[in-house]
Visitor: 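Have a look at the structure that comes next, please.
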Amino acid sequence: MTEEHEQILVRKQKLAALKAQGAQPYPNDFVPTHTAAALLTRLAEATAEDLEQHAESCALAGRIMSIRHFGKAAFFHVQDRSGQMQVYVRQGDSPPEAVVLLKDTLDVGDVIAVSGTLFRTRTGELTIKATALRLLSKALRPLPEKWHGLQDVEVRYRQRYLDLIVNPQVRETFRKRAKLIQLIRQFFIDRDYLEVETPTMQTIAGGALARPFVTHHNTLDIDLYLRIAPELFLKRLIVGGAERVFEIGRNFRNEGMSTKHNPEFTTLEFYEAYATYDQLMALTEELFAFLARQVTGSPQVRYGEQTLDFTPPWPRLGMKEALSQQTGLSLDELDDESLVRAKARALGVHIPAAAPLGKALEELFGAVVEPHLIQPTFVVSYPVEVSPLARRNDADPRFVDRFELYVAGREIANAFSELNDPEDQLQRFLEQLQERAAGDEEAHALDEDYVRALEYGMPPTAGEGIGIDRLVMLFTDSPSIRDVILFPQMRAEKK
RNA sequence: GAGCCGCUAGCUCAGGAGGUAGAGCAUCUGCCUUUUAAGUAGAGGGUCCCGGGUUCGAGUCCCGGGCGGCUCACCA
């Protein structure tokens, strides 16, 4: 990274000249007294005359975003974490050192300190008349263009710092992300949940059906897996008597990337003893309505062309019922694996040859039903084969007490009443091992300690996982998961 | 992994049917003491993603590769 085009050379020369004068080019002794937004808000009503009568002084630090020189005066904008403030420098009015510094040394992009007094310009903008200017850090590279900003998505993701400097809506998205996570945390703490952290490096990657990343511990000389879900550890805590726990954290899945998938992603998982999946539907409605109210001020959220309405209650839709509606097959016909497979073939949906009926139903569902579920919808009653950790339905043991929440055509949450019968759990694990032997790399591994934990008795419990990145996408109107992850995974930059 | 699209100055983008590469902003030199996409006169700035090929001649056409985006496949 040593490319030296003209603009970099010019800036380096300015820095060298400053050093030659004996100045400290990277001082760290400046203390801002205000932020731009704090001043703009507090003095929003102050007139030019008010400001003139009691000239208020302030000290701000930030990055120069634009400069308008003309003759013996200049205006420029400084951007700090809160926003932008205009600064005015005028020969004969500001000290000569400030005038010279601005003219000879400062460029757009530089981080500077400004001290001065506030006034209002003819156009009514609150502005600092500089009494002192200092360079705090020289930008040796020019910023992207002021009007079009930074458009190249590759550069935006690879050099997110630039994206954050020049694209205000990006800063806003990540502020909203932080706010949403904070609100979620508050929501569960208010309901007497305990926030916990469980291992991200695990000897058995359990709790979901996915391919894990493998790493190696040198001292122990064992392979470890980056977790694909925290589920089994959180339920161990339920066995341990925690009764209500939640974790917000990173999961890792060694699978494809897309606008909806990043190899590492953030989930919320929460477990509540003595609750059922049915109660979690109500809790989920409450959570989303709360988030919508706090973030957009209404239960309605704009997402692309759609307006999503989170006003409870949301529809409950049986998985097979939904499939029946979309495929024309009757509920009985959906029990016939050959009919289901034939239908999938007719619709161009690929189903692995070894997949059991339940898996086939799930595949078909993903292809023909999911895209239609725009408004928040709970899909209920999943086949037991695709839910090895969920409690069987009392009336029909081929299905489990599980729901998935769909919004904007994608899965946002997955929840079920937990399987707490250790013998059934062991049996389910063994069935998964057979799937694995048959070539399904995503089948669940056998976790003997988890079965042992269940043998000590786990209270009846319901648990849920919510994809935080996807949730943030919904509330920030972001079309790609990369827009809500600060540093999305990218292929290595070729040099 | 497959298909489609993109990659040209620091940034945003033009380059018709192959003929030695352009604009705006930015930069540099001037003028300009309330501007805000300031104005104004001039100047400099290019590995046209990389490597082959066709051709007298390739940013442009062909082949291969790289990186990215979108769609599909798998998943949350």
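In what follows, every chain begins at residue 1, and chains take the letters A, B, ... in the order their sequences are listed.
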Visitor: Looking at the side chain of A:D107, which of B:C28, B:C32, B:U35 is the nearest nucleotide?
Guide: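 Looking only at side-chain atoms, A:D107 lies closest to B:C28.
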Visitor: Any base atoms under 4.0 Å from A:R156, or only sugar-phosphate, or nothing? Heavy atoms, all strands.
Guide: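 Nothing, no nucleic acid heavy atom in range.
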Visitor: In whole angstrom, give the distance that lies between atom CD of A:E6 and atom P of B:U27.
Guide: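 Nearest whole value for this atom pair: 10 Å.
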Visitor: Taking NZ from A:K72 and P from B:U35, how many angstroms apart are they, rounded to a whole number?
Guide: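 Roughly 17 Å, once rounded to whole Å.
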Visitor: Identify the nucleotide, in any strand shown, that forms a Watson-Crick or G-U wobble pair with B:A2, with both distances under 3.5 Å; if there is none, say none.
Guide: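 When the pairing criteria are applied, B:U71 turns out to be the nucleotide that pairs with B:A2.
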Visitor: Assess the side chains of A:Y193 and A:E272: does a donor N or O sit below 3.5 Å from an acceptor N or O?
Guide: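 The answer is yes; a qualifying pair exists.
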Visitor: From C-beta outward on A:E145, which listed nucleotide comes closest to its side chain: B:U33, B:C67, B:G24?
Guide: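 Ranking B:U33, B:C67, B:G24 by closest atom to the A:E145 side chain puts B:G24 first.
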Visitor: Scan A:Q84 against the nucleic acid and name what it touches under 4.0 Å (heavy atoms): base, sugar-phosphate only, or nothing.
Guide: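 Nothing, no heavy atom under 4.0 Å.
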Visitor: Which value, in whole Å, describes the distance between the P atoms of nucleotides B:A58 and B:C49?
Guide: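 One P to the other, the span is 15 Å.
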Visitor: Using atom P of each nucleotide, how far apart are B:G16 and B:C61 to the nearest Å?
Guide: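 Approximately 9 Å lies between the P atom of B:G16 and that of B:C61.
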Visitor: Separation of A:Q159 atom CD from B:G68 atom P, in whole Å?
Guide: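 Going from CD in A:Q159 over to P in B:G68 covers 14 Å.
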Visitor: Using a cut-off of 4.0 Å on non-hydrogen atoms, how would the nucleic acid contact of A:K129 be classed: base, sugar-phosphate, or nothing?
Guide: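 No contact at all - A:K129 keeps every heavy atom at 4.0 Å or more from the nucleic acid.
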Visitor: Quick check, are the ring centers of A:F416 and A:Y277 under 6.0 angstrom apart?
Guide: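 Between A:F416 and A:Y277, the centre distance exceeds or equals 6.0 Å.
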Visitor: Would you mind classifying the nucleic acid contact of A:Q7 as base, sugar-phosphate or nothing, using non-hydrogen atoms under 4.0 angstrom?
Guide: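 Answer is base: heavy atoms of A:Q7 come under 4.0 Å of a base.
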Visitor: What's the closest nucleotide to the side chain of A:W147 if the choices are B:A37, B:U35, B:U27?
Guide: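 For the A:W147 side chain, the nearest candidate turns out to be B:A37.
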Visitor: With a cut-off of less than 4.0 Å, is there a side-chain N or O of A:R158 near OP1 or OP2 of B:C67?
Guide: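 Result: no.
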Visitor: State, without any angle test, whether A:R211 and A:N254 hold a side-chain donor-acceptor pair at a distance under 3.5 Å.
Guide: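 Looking only at side-chain atoms, A:N254 and A:R211 do not form any donor-acceptor pair under 3.5 Å.
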Visitor: Which nucleotide wins on minimum distance to the side chain of A:L150, given the candidates B:A37, B:G10, B:U12?
Guide: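 Nucleotide nearest to A:L150's side chain: B:U12.
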Visitor: Side chain of A:S480 only, heavy atoms from C-beta on: which candidate in B:A73, B:U33, B:C70 is closest?
Guide: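 Ranking B:A73, B:U33, B:C70 by closest atom to the A:S480 side chain puts B:C70 first.
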Visitor: Can you tell me the Watson-Crick or wobble partner of B:C61, both distances under 3.5 angstrom?
Guide: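 Across any shown strand, B:C61 pairs with B:G53.
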Visitor: Can you tell me, in whole Å, how much space there is between the C1' of B:C7 and that of B:G65?
Guide: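 Rounded to whole Å, the distance is 14 Å.
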Visitor: I'd like to know if the side chain of A:R177 and the backbone of A:V484 have a donor-acceptor N/O pair within less than 3.5 Å.
Guide: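 The answer is yes, because a donor-acceptor pair under 3.5 Å joins these two groups.
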Visitor: Considering only NZ, NE, NH1 and NH2 on the basic side and carboxylate oxygens on the acidic side, decide whether A:K138 and A:D107 come within less than 4.0 Å.
Guide: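 Counted as a salt bridge, because a side-chain N and a carboxylate O are separated by less than 4.0 Å.
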Visitor: Rounding to an integer number of angstrom, what distance separates B:U47 and B:C4 when you compare their C1' atoms?
Guide: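 That atom pair is separated by 28 Å.
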Visitor: Considering only side-chain heavy atoms of A:Q151, which listed nucleotide, B:A76, B:U12, B:U35, is closest?
Guide: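 Looking only at side-chain atoms, A:Q151 lies closest to B:U12.
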Visitor: Could you tell me whether the phosphate oxygens of B:G68, OP1 or OP2, come under 4.0 Å of any side-chain nitrogen or oxygen in A:R491?
Guide: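 Affirmative; the distance criterion is met.
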Visitor: So, is A:R482 close to the B:C70 phosphate, meaning a side-chain N or O under 4.0 Å from OP1 or OP2?
Guide: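 Indeed, a polar side-chain atom of A:R482 lies that close.
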Visitor: Do the side chain of A:R122 and the base of B:U34 come within less than 3.5 angstrom through a donor-acceptor pair of N or O atoms?
Guide: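 No pair found.
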Visitor: Determine the contact category for A:N254: base if any of its heavy atoms lies under 4.0 Å from a base atom, sugar-phosphate if only primed atoms, P, OP1 or OP2 are that close, otherwise nothing.
Guide: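 Since no nucleic acid heavy atom lies under 4.0 Å of A:N254, the category is nothing.
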Visitor: With a 3.5 angstrom cut-off on both distances, give the Watson-Crick or G-U wobble partner of B:G45, or none if there isn't one.
Guide: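 Check on B:G45: unpaired, no WC or wobble geometry under 3.5 Å.
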Visitor: Using whole Å, what does the distance between atom C1' of nucleotide B:G30 and atom NZ of A:K103 come to?
Guide: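 In whole Å, B:G30 C1' and A:K103 NZ are 10 Å from each other.
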Visitor: Want to settle it: does A:K359 or A:V108 sit nearer the 5' end of RNA chain B, counting the closest nucleotide to each?
Guide: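 Result: A:V108.
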Visitor: Could you verify whether a donor N or O on one side chain and an acceptor N or O on the other, from A:K235 and A:Y271, lie under 3.5 Å apart?
Guide: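 Looking only at side-chain atoms, A:Y271 and A:K235 do not form any donor-acceptor pair under 3.5 Å.
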Visitor: If you only use heavy atoms from C-beta on, which nucleotide in B:C25, B:U34, B:A76 is closest to the side chain of A:R470?
Guide: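 Closest nucleotide to the A:R470 side chain: B:A76.
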Visitor: Could you tell me whether B:G68 is syn or anti, where syn means a glycosidic angle within 90 degrees of zero?
Guide: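 Base orientation: anti.
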Visitor: What is the nucleic acid contact for A:Y406, judged by heavy atoms within less than 4.0 Å: base, sugar-phosphate only, or nothing?
Guide: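 Answer is nothing: A:Y406 stays at 4.0 Å or more from every strand.
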Visitor: Return the nucleotide paired to B:G10: Watson-Crick means purine N1 to pyrimidine N3 with N6-O4 or O6-N4, wobble means G-U with N1-O2 and O6-N3, both under 3.5 Å.
Guide: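 Pairing partner, where one exists within any strand: B:C25.
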Visitor: Give A:G465 one of three labels, base, sugar-phosphate or nothing, depending on what nucleic acid heavy atoms sit under 4.0 Å from its own.
Guide: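 No contact.
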Visitor: How close or far is atom P of B:U27 from atom NZ of A:K138, stated in whole angstroms?
Guide: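 Rounded to the whole Å, the gap is 10 Å.
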Visitor: Give a yes or no on whether a donor-acceptor pair under 3.5 Å exists between the nucleobase atoms of B:U35, that is its base, and the side chain of A:Q86.
Guide: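 Counting by modelled atom types and ignoring angles, a donor-acceptor contact under 3.5 Å is found here.
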Visitor: Which residue lies toward the 5' end of RNA chain B, A:E404 or A:P142, if each is placed at its nearest nucleotide?
Guide: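 Nearer the 5' end of the strand: A:P142.
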Visitor: Is it true that the NZ or CZ of A:R236 lies under 6.0 Å from the centre of A:F233's six-membered ring and within 45 degrees of the ring axis?
Guide: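 Pair A:R236/A:F233 counts as cation-pi.
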Visitor: Closer than 4.0 Å, any side-chain N/O of A:T259 to the OP1 or OP2 of B:U71?
Guide: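 Yes.
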Visitor: What nucleotide, of B:C67, B:U33, B:A76, holds the atom closest to the side chain of A:E154?
Guide: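 Of the candidates, B:C67 comes closest.
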Visitor: Checking A:R402 against A:Y382: charged group under 6.0 Å from the ring centre and within 45 degrees of the axis?
Guide: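 The answer is yes, since A:R402 meets both limits relative to A:Y382.
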Visitor: Between B:G59 and B:U20, how far apart are the two P atoms, rounded to whole Å?
Guide: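 Here B:G59 and B:U20 have their P atoms 10 Å from each other.
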Visitor: Work out how far the C1' atom of B:G44 is from that of B:C25, and round it to whole angstrom.
Guide: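 These two C1' atoms come out 16 Å apart once rounded.
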Visitor: Roughly how many Å apart are B:A26 and B:U34, using the C1' atom of each and rounding to a whole number?
Guide: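 Between the two C1' atoms, the distance is 24 Å.
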Visitor: Tell me whether the NZ or CZ atom of A:K129 lies within the 45° cone about the ring axis of A:F119 and under 6.0 Å from its centre.
Guide: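 Flagged: A:K129 positioned over aromatic ring of A:F119.
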Visitor: A:E442 side chain: which of B:C74, B:U34, B:G10 is closest?
Guide: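 Taking heavy atoms from C-beta onward, the closest nucleotide is B:C74.
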Visitor: When all nucleic acid strands are considered with a 4.0 Å heavy-atom cut-off, which category describes A:F76: base, sugar-phosphate, or nothing?
Guide: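 No contact.
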Visitor: If the C1' atom of B:G6 is compared with that of B:C31, how far apart are they to the nearest Å?
Guide: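 Rounded to whole Å, the distance is 43 Å.
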Visitor: Does B:U40 have a Watson-Crick or wobble partner in any strand here, with both distances under 3.5 angstrom, and which is it?
Guide: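 B:U40 is paired with B:G30.
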Visitor: Could you tell me whether the phosphate oxygens of B:A73, OP1 or OP2, come under 4.0 Å of any side-chain nitrogen or oxygen in A:K260?
Guide: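 For B:A73, neither OP1 nor OP2 has a side-chain N or O of A:K260 closer than 4.0 Å.
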Visitor: So what does A:D93 hit on the nucleic acid, given a heavy-atom distance under 4.0 Å: a base, only sugar-phosphate, or nothing?
Guide: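 Since no nucleic acid heavy atom lies under 4.0 Å of A:D93, the category is nothing.
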